[in-house]
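Below is one structure, written out as structure tokens; comments come after it.
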Amino acid sequence: MSGKRLGLEFYDRDTLEVAKDLLGKLLISEKGGERKVVRIVETEAYLRDDPASHSYRGETKRNRSMFKGPGTLYVYTMHRQNCMNVVTKRGEAVLIRAAEPVENVSGNTRGPGRLCRALGINRAEDDGKSLLSSDVYLLDDGFRPEDVVQTTRIGISKAKDRPYRFYVKGSGYVSKR
DNA sequence: CTTCAGATCCCCT
DNA sequence: GGGGATCTGAAGA
């Protein structure tokens, strides 16, 4: 497993571009001394002027990580599940919805809550971490998905019509097709 | 202080 | 395919 850790120049771009480019990248967690690796197959973008985004009403205690700058990890809890996001520009982020297991991963990685559980990601320990310099990060090993689909997001009640969801066509690990 | 909705998951039918 | 679990944070009074 070789590749290059994604740097600031990757995250500091248009959020929709980042969401699309995250597909096929490796997500690594080295928490607990074990190196867990998955390949991202599904993402959703949440913008600043976006009623469905946590940042829509400005910075709050919960979403403060979304304003810490490109390459920050934003983890939040809902319904007893954790969901992880990659922050791009201030107040914008990409939700990692699903991935396929690559190395040292047992359990389901289909769906944001299950993915976090499989990787051992949780809000108390990981919210606000930097993907540029911590034990959770992204890697580009040169792999590029053949076919990417752009469509509407899942599980939200506002701005349902915006095509901010991306997934790898044909992957059996996408949370919904 | 109280209310309530939520970027989900799991189990039941 | 639908509802309940059962927690957190934000909004409303």
Worksheet item: Does the pair A:Ser55 and A:Asn63 meet the rule for a side chain to side chain donor-acceptor pair (under 3.5 Å), with working shown?
Response: CA-CA 7 Å; A:Ser55 63; A:Asn63 67 26; 6.0 Å; no
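- No side-chain donor-acceptor contact under 3.5 Å links A:Asp140 to the backbone of A:Lys4.
- Distance CZ (A:Arg153) to P (B:dG6): 14 Å, rounded to an integer number of Å.
- Salt-bridge check for A:Glu59 with A:Arg64: failed, with every basic side-chain N at 4.0 Å or more from each acidic carboxylate O.
- Following rounding to the nearest Å, A:Tyr76 (OH) and B:dG6 (C1') show an atom-to-atom distance of 9 Å.
- When A:Thr43, A:Val149, A:Thr151 are each tested for a side-chain contact (heavy atoms from CB on, under 4.5 Å) with A:Arg165, only one passes: A:Thr151.
- For the pair A:Tyr74 OH and B:dA7 C1', the computed distance is 9 Å after rounding to whole Å.
- Contacts between residues 41-57 of chain A and DNA chain B, defined by a heavy-atom separation below 4.0 Å, involve A:Tyr46, A:Ala52, A:His54, listed by number.
- Nucleotides B:dA7 and C:dG1, compared at atom P, are 22 Å apart to the nearest Å.
- Comparing C:dT6, C:dA10, B:dG6 by their nearest atom to the side chain of A:Arg62 picks out C:dA10.
- Of all nucleotides present, none satisfies the Watson-Crick or G-U wobble test against B:dA7 with each distance under 3.5 Å.
- Among the atoms of the strands shown, only primed sugar atoms or phosphate atoms (P, OP1, OP2) are found under 4.0 Å from some heavy atom of A:Ile156.
- Between the side chain of A:Ser65 and the backbone N or O of A:Asp127, no donor-acceptor pair lies under 3.5 Å.
- Nucleotide B:dA7 holds its C1' atom 10 Å from the CE atom of A:Met66, rounded to whole Å.
- Panel note: side chain A:Lys31, backbone A:Gly120; a donor-acceptor pair is recorded below 3.5 Å.
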Item to complete: Report the C-alpha distance between A:Glu42 and A:Tyr173 in whole Å, list the side-chain angles of each, state the deciding distance to 0.1 Å, and finish with yes or no for side chain to side chain donor-acceptor pair (under 3.5 Å).
Response: CA-CA 8 Å; A:Glu42 182 183 359; A:Tyr173 290 92; over 6 Å; no
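- Phosphate proximity of C:dA10 to A:Thr60: present, with a side-chain N or O under 4.0 Å from OP1 or OP2.
- When heavy atoms are screened at a 4.0 angstrom cut-off, A:Arg123 is found touching the sugar-phosphate backbone but no base atom.
- Note on A:Tyr11 and A:Phe166: same hydrophobic cluster, where clusters join Ile, Leu, Val, Met, Phe, Trp and Tyr whose side-chain heavy atoms are under 4.5 Å apart, directly or indirectly.
- B:dA5 and C:dG3 have their P atoms separated by 16 Å, given to the nearest Å.
- Here C:dT8 presents its P atom at 12 Å from CG of A:Asn122, a figure rounded to the nearest Å.
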N/O-N/O pairs, protein side and nucleotides 9-13 of chain B side, under 3.5 Å:
{"unit_1": "B:dC9", "atom_1": "OP1", "unit_2": "A:Pro112", "atom_2": "N", "d": "3.4"}
{"unit_1": "B:dC9", "atom_1": "OP1", "unit_2": "A:Gly113", "atom_2": "N", "d": "2.6"}
{"unit_1": "B:dC9", "atom_1": "OP1", "unit_2": "A:Arg114", "atom_2": "N", "d": "3.0"}
{"unit_1": "B:dC10", "atom_1": "OP1", "unit_2": "A:Arg117", "atom_2": "NH1", "d": "3.2"}
{"unit_1": "B:dC10", "atom_1": "OP1", "unit_2": "A:Arg117", "atom_2": "NH2", "d": "2.9"}
{"unit_1": "B:dC10", "atom_1": "OP2", "unit_2": "A:Arg114", "atom_2": "NH1", "d": "2.9"}

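- Each of A:Arg39, A:Arg5, A:Lys25 was evaluated against A:Asp141; a single residue qualifies, A:Arg39, per the salt bridge (charged side-chain N to carboxylate O under 4.0 Å, His left out) test.
- If you chain together hydrophobic residues whose side chains sit under 4.5 Å apart, A:Leu6 and A:Leu132 fall into the same group.
- Atom CG in A:Asn63 sits roughly 7 Å away from atom P in C:dA10 (whole-Å rounding).
- Distance A:Glu59 CD to C:dG9 P: 15 Å, rounded to the nearest Å.
- The CG-P distance, from A:Asp127 to C:dC7, rounds to 20 Å in whole Å.
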